[in-house]
Amino acid sequence: DPAECAALRRALGDAARPVLHAFKAQAGHTLGAAGALELLACVRAIEAGLLPATPVSGALEPDLPGRVLEVVEAGDVHLALKLSAAFGGANAALVLSRERRERPRRTVRPVYLRAWAQIGPDDLPSLSELIGVPRDRLARLDTLCKLGLRAVAELGRIVGVETLRGAGIVAGHGLATLDTNDRFDARRRTKGPNYVDPRLFPATSPNAVAGECAIVFGLTGPSFAVNGGFDGGTEALVAAAEFVAAGDVERMVIVAADDAGPAARDLLEWSGQAARKLAEGAVALLIEATKADVSRQIDLDLRPSPKDGPIGHLALVDRLKQLLLTD
C-alpha cells in the first residue's frame, strides 16, 4: 500500500530495485504464523538462489520501490528484508544475510519502574475529553482499546504526557480479544457474512491496543502485544524490560487490559478457572533506564505466573504491589 511503499523508498533509497514478494497472495493470511512462514520463505530463497514471483492482477502502486516478478528467476541472493506490518503500526523488520556478522556484545543495564496507573470501567466516560479524540472515532474502538487508552492517559497525567512520547509500548492480555472477537462474529452468526462490520475487524487483533495507544500518545518505539497465558500483563512487563535492559530504547510503556465479558467468563468456566479473579479494567506502567527518587528497580529475572491467582491486569497489579513497590 502507499504507506509501505513510502517506508521502503525512504529506507532503501530511489536507486534500489529489490524484488518484492507478497507471500500472502500465495498462502493466504496465516495470522500469528504469517511472519514465521514468510521468514522461512526468505531463508529458502537465499539458500536456493531464487527471486520469488508473486501472483498479482490489476495495476500496481505507481510508487512501488521495486520489482514484482510474474515468474521465479534465478539470482545471486545475498540479502533479504522481511517485513511484518500489522494493525495500528505494530511492525517488525528482519534482515537476513548469507554472511555471518558478529553482533557487538552489549551490557545489561538496570531497569526502573517510574510510575503506574490503574483504571476501571467507571473512568471511560471522560476518555474523549481527556485524550482529545472525537467520540465518533472512539465509537469504532473496542472496550480493550478504550481501557488501554484511558490507562495510558492516567499514566500521562502522573508523569506528564510529553514524558511518554518516543517510548515503546507492549500490551499484555490475560484473555486476549475473546469478547471483541465474539461481538464481531455475532452479526455473522445471526445475519450472515454480508452483515459483519469491517470497522470492527482491526480490533480483533491483540495488537490493536498497543497500536491505538502508540498513535494517540506518540509512542514511536517498539510496539507489539503478548499473550502467553492468564498472566499476560506480567509477560508484557518482562518483554518491555528486556528492551530497556539491552539498550534498545530508553523508556517503555506497558499496558494490561481486560474487558471481562461473557466469552472470557465462559472460557474460564469451561476450563475450570472460574474461581480466579477477573475484572474489567486496565493498568499502565512506565519503565526506564534512568533512576529517579521515586523509581524502583525491576527484577530482570521476573517471570509470569499463569497457573494461579488473578488474571490479566489484576495479576500485574498484585505483582507490582508485592515485588516492585517494596524497598
Atom pair CG (Asp318) and NZ (Lys277), whose distance is rounded to the nearest 0.5 Å: 7.5 Å
Test item: Val77 and Leu50 side chains (from C-beta on) under 4.5 Å apart, heavy atoms: no
For Val244 against Glu250, the heavy-atom pair lying closest together: CG1-O, 4.0 Å
Check: Gly120 main-chain N/O paired with Asp123 side-chain donor or acceptor under 3.5 Å: yes
Any side-chain donor near an acceptor of the partner, His21 and Gln26, under 3.5 Å: yes
Set of residues satisfying salt bridge (charged side-chain N to carboxylate O under 4.0 Å, His left out) with respect to Arg199, sequence neighbours excluded: Asp197
Side chains of Arg135 and Glu129 in contact at under 4.5 Å (non-hydrogen atoms): yes
Atom of Val238, atom of Pro304 and distance for their closest heavy-atom approach: CG2-CD, 4.4 Å
Point-to-point distance, once rounded to the nearest 0.5 Å, from OG1 of Thr204 to CG of Asp185: 10.0 Å
Under 3.5 Å, which donor-acceptor pairs do the side chains of residues 251-268 form with other protein atoms, sequence neighbours left out?
unit_1, atom_1, unit_2, atom_2, d
Arg251, NE, Thr163, O, 2.8
Arg251, NH2, Thr163, O, 3.2
Arg251, NH2, Arg165, O, 2.4
Asp258, OD2, His313, N, 2.7
Asp258, OD2, His313, ND1, 2.7
Asp259, OD2, Arg183, NH2, 3.3
Arg265, NE, Ala260, O, 3.3
Arg265, NH2, Leu278, O, 3.2

Spatial distance of atom CG (Leu286) from atom OG (Ser295) [nearest 0.5 Å]: 10.5 Å
Pairing residues for Glu70 by the salt bridge (charged side-chain N to carboxylate O under 4.0 Å, His left out) criterion, not counting sequence neighbours: none
Residues Val152, Val216; criterion side-chain contact (heavy atoms from CB on, under 4.5 Å); working and verdict: CA-CA 10 Å; Val152 177; Val216 171; over 6 Å; no
Closest non-hydrogen atom pair between Asp231 and Arg319, with its separation: OD2-NH2, 3.6 Å
Common cluster, Val226/Val111, ILVMFWY with side-chain heavy-atom separation under 4.5 Å: yes
Main-chain N/O of Val68 paired with Thr54 side-chain donor or acceptor, under 3.5 Å: no
In one Ile/Leu/Val/Met/Phe/Trp/Tyr side-chain cluster, 4.5 Å: Trp116, Ile298: yes
Candidate pair Leu175 and Phe230, rule side-chain contact (heavy atoms from CB on, under 4.5 Å), full reasoning: CA-CA 6 Å; Leu175 288 160; Phe230 291 142; 3.3 Å; yes
For the student: nearest non-hydrogen atoms of Ala117 and Leu155, plus distance: CB-N, 3.8 Å
Separation between CG of Leu60 and SG of Cys5, rounded to the nearest 0.5 Å: 9.0 Å
Whether over 12 other heavy atoms sit under 6.0 Å from Arg303 CZ: yes
Same apolar cluster: Ile46 and Leu40, side chain cutoff 4.5 Å: no
Any donor-acceptor N/O pair, Arg114 side chain to Ala292 backbone, under 3.5 Å: no
Phe184 reachable from Leu147 in the ILVMFWY side-chain graph, under 4.5 Å edges: no
Backbone of Pro202 reached by a side-chain donor or acceptor of Ser205 within 3.5 Å: no
Flag side-chain contact, heavy atom, 4.5 Å: Pro18 against Leu12: yes
Nearest heavy atoms of Val209 and Gly148, plus distance in Å: CG1-CA, 4.1 Å
Atom of Glu280, atom of Pro121 and distance for their closest heavy-atom approach: O-CD, 3.2 Å
Close side-chain approach of Ser128 to Leu138, heavy-atom, < 4.5 Å: yes
Within one Ile-Leu-Val-Met-Phe-Trp-Tyr cluster: Leu320 and Leu300, side-chain cutoff 4.5 Å: yes
From Lys24 atom NZ to His29 atom NE2, the distance as rounded to the nearest 0.5 Å: 4.5 Å
side-chain contact (heavy atoms from CB on, under 4.5 Å) between Phe217 and Leu149, intermediate numbers included: CA-CA 9 Å; Phe217 295 101; Leu149 284 168; 3.8 Å; yes
Derivation of the side-chain contact (heavy atoms from CB on, under 4.5 Å) call for Cys145 and Asp142: CA-CA 6 Å; Cys145 286; Asp142 73 329; 3.1 Å; yes
Test log, rule salt bridge (charged side-chain N to carboxylate O under 4.0 Å, His left out), inputs Glu212 and Lys146: CA-CA 9 Å; Glu212 293 294 343; Lys146 293 176 185 177; over 6 Å; no
Straight-line distance of Thr177 OG1 to Asp182 CG, nearest 0.5 Å: 10.5 Å
Check: Arg276 side chain, Gly309 main-chain N or O, donor-acceptor pair, under 3.5 Å: yes
